[in-house]
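Indexing begins at 1, ligand by ligand and atom by atom, following the structure's order.
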Amino acid sequence: MYNLESLKSQLNQNASTSVQLIDSSLQKLEENKDLNAFISVLTDEAKAQALESDNRRQKAALHSEIDGIPIAIKDNLCLQCSKTTAASKMLENFVSPYTATAVQKLKDAGAIIIGKTNMDEFAMGVSSGSSYFGPVKNPLDTSKDPGGSSGGSAVAVAAKIVPLALGSDTCGSVRQPAAQTGIVGFKPSYGRVSRYGLIALASSLDQIGFFTHTVRDAATALSIVAGLDPKDNTTIDAKSDFSEKLGESLEGKKIGVPKEYFGKELDPQFKTQIEATIDLLQKNGATIQEVSLPHFSYAMPCYQVISTAEASSNLSRYDGVRYTYRSSEAKNLNDLYSKTRGEAFGEGVKHRILLGSYVLGADAFENYFIQAQKMRTLISEDFDKAFETCDVLLNATTPKAPLAIGESSSFTESDIYTVSASLAGLPAISIPCAKVGNSPVGLHLTGNYLQEAELLSIASACESIIQYQA
Ligand code: GLN
């Protein structure tokens, strides 16, 4: 199996050097070029770092257990002296002067970034098809999209180019593409991982997450990047070992199944697979309990109001004056703003800025923005109630199989089952549990706030019971 654990032991047993691991990652990337998973490839830097890692190994001076292992990061995460485009023409030539905290922590641990992955423009989308650099393809069926917005990172792991990739998840952008490519996608609690250096979409919802092949690898990655960061005031000081509960059985674990997540939007074949998985978990000791999240159907409209409002504000900095694309046609300052933004933002991004500006305007603020904030509180309270009797909640990650490339529009049903956890700031994970035809079915588990160790323990137990075959 290709994963962090196996590469670690290859290195530890001298079965491979870091230079060899990096070379084979780069070769794999080249063989899979058609998938369009990467926006930039850091060949020279990666090779140089691999040599340094091998030297550290010889001197028994490794930085961590993942020293020398290849990884990839989504192209909305800043990396000093490298292009960070957020898949937009607006930032096509932006070279970041600093590195995101989460990325820096992985670098400090000795992980080697081989490239920056393709995504939906400014992380807005569900297909990775709105990238200025062209759509990403799903390795399981190249006529289909891999999900989004972190599709490139999902594909980099699913195609076994790297064992770990970072993405960002605002309402499902890690969990949904993980489900659609048959791998693990994990979003921690809001505040667990610093957002410093992550290009903001909706700041109260964005959280950096991980793509891996196993739950254990996701726990390893979180242990490295979690923690308080003076550069991000929303981070919390509650560092812990997220692997400590791995290996526990499901005996006595209480899994809640929210009944609202089995409505008519759920593909009947997906439903059958999720129900079969629930039976299997029950046979293996889990206590299954039906619960209700009564405000479920308001979650997506609530997200659309809050996220577009925040996005319109966050994206106002791209004005052509400082580090972005600049229109050469402008005759005065206002003209510079409008021509720059008109020429460099894609259609979907413009729609959201307009919608977000509208809901923040004097006429609509009370009726939309304030109502959405109230709804967000009710959605969180639904979870609080469910967690009075449950350890985790279970549902399908996506209601159906991915669409053909070019068919998905930006706001669709595709993340209706992942959005509520984001609004409530809760940790959630998608693990593959079955297949319908060529398409993997994701099992989505939501944990209580800051209960990642418990969530990962239950997810890992489910993973070993399910024994998913890619
Ligand atoms: N589909 C969501 C959106 O387009 C995904 C956002 C995300 O999680 N980055 O807003």
Asker: Any atoms of ligand 1 less than 4.0 Å from a non-hydrogen atom of Val126? List them with their elements.
Answerer: 1 (N)
Asker: Answer yes or no: does an N/O atom from Ser168 fall short of 3.5 Å to an N/O atom of ligand 1?
Answerer: no
Asker: For Ala372 and Cys302, work out which heavy atoms get closest and say how close.
Answerer: O-SG, 3.3 Å
Asker: Say you draw a straight line from CG of Asn448 to CZ of Phe387; how long is it, rounded to the nearest 0.5 Å?
Answerer: 5.0 Å
Asker: Report, in ascending order of atom number, the atoms of ligand 1 lying under 4.0 Å from any heavy atom of Thr170.
Answerer: 6 (C), 7 (C), 8 (O), 9 (N)
Asker: Would you give the length of the straight line joining atom CD1 of Ile114 to atom CD1 of Ile73, rounded to the nearest 0.5 angstrom?
Answerer: 11.0 Å
Asker: Roughly how far, to the nearest 0.5 Å, is the CZ atom of Phe186 from the CD1 atom of Ile208?
Answerer: 13.0 Å
Asker: Give yes or no for whether the N/O distance cutoff of 3.5 Å, strictly under, is met between Ala123 and ligand 1.
Answerer: yes
Asker: May I ask you to identify, for Asp415, whether its side chain, its backbone, both or neither come under 4.0 Å of ligand 1 on a heavy-atom basis?
Answerer: side chain
Asker: If you round to the nearest 0.5 Å, how far is CD1 of Ile66 from CG of Leu164?
Answerer: 6.5 Å
Asker: Using a 4.0 Å cutoff against the non-hydrogen atoms of Leu201, which atoms of ligand 1 qualify?
Answerer: 9 (N)
Asker: Can you name the atoms of ligand 1, numbered from 1 with element, that are less than 4.0 Å from a heavy atom of Arg352?
Answerer: 3 (C), 4 (O), 10 (O)
Asker: Show me which atoms of ligand 1 lie under 4.0 Å from any heavy atom of Gly125.
Answerer: 1 (N), 2 (C), 3 (C), 4 (O), 5 (C)
Asker: Within a distance under 4.0 Å of any heavy atom of Met124, pick out the atoms of ligand 1 and give their elements.
Answerer: 4 (O)
Asker: Verify whether one side chain among Ser414 and Gln176 offers a donor that lies under 3.5 Å from an acceptor in the other.
Answerer: yes
Asker: So, are Asp75 and Lys116 salt-bridged, with charged N and O less than 4.0 Å apart?
Answerer: yes
Asker: Before signing off on this row, confirm whether Ser307 and ligand 1 have an N or O atom pair separated by under 3.5 Å.
Answerer: no
Asker: Which atoms of ligand 1 have any heavy atom of Gly172 under 4.0 Å away?
Answerer: 8 (O)
Asker: Should the pair Lys160 and Tyr2 be classed as cation-pi, given the thresholds of under 6.0 Å to the six-membered ring centre and 45° from the axis?
Answerer: no
Asker: Only heavy atoms of Tyr303, strictly under 4.0 Å: list the atoms of ligand 1 that pass.
Answerer: 2 (C), 3 (C), 6 (C), 10 (O)
Asker: Can Lys89 and Glu343 be counted as an ion pair, charged N to O under 4.0 angstrom?
Answerer: no
Asker: For ligand 1, indicate whether the residue Ser149 contacts it via side chain, backbone, both or neither (heavy-atom separation under 4.0 Å).
Answerer: side chain
Asker: Determine whether any heavy atom of Gln304 lies closer than 4.0 Å to an atom of ligand 1.
Answerer: no
Asker: Parallel under 30°, tilted from 30 to 60°, perpendicular over 60°: which one fits the rings of Phe345 and Tyr318?
Answerer: perpendicular
Asker: May I ask you to check if ligand 1 and Ser173 share an N or O to N or O distance below 3.5 Å?
Answerer: yes
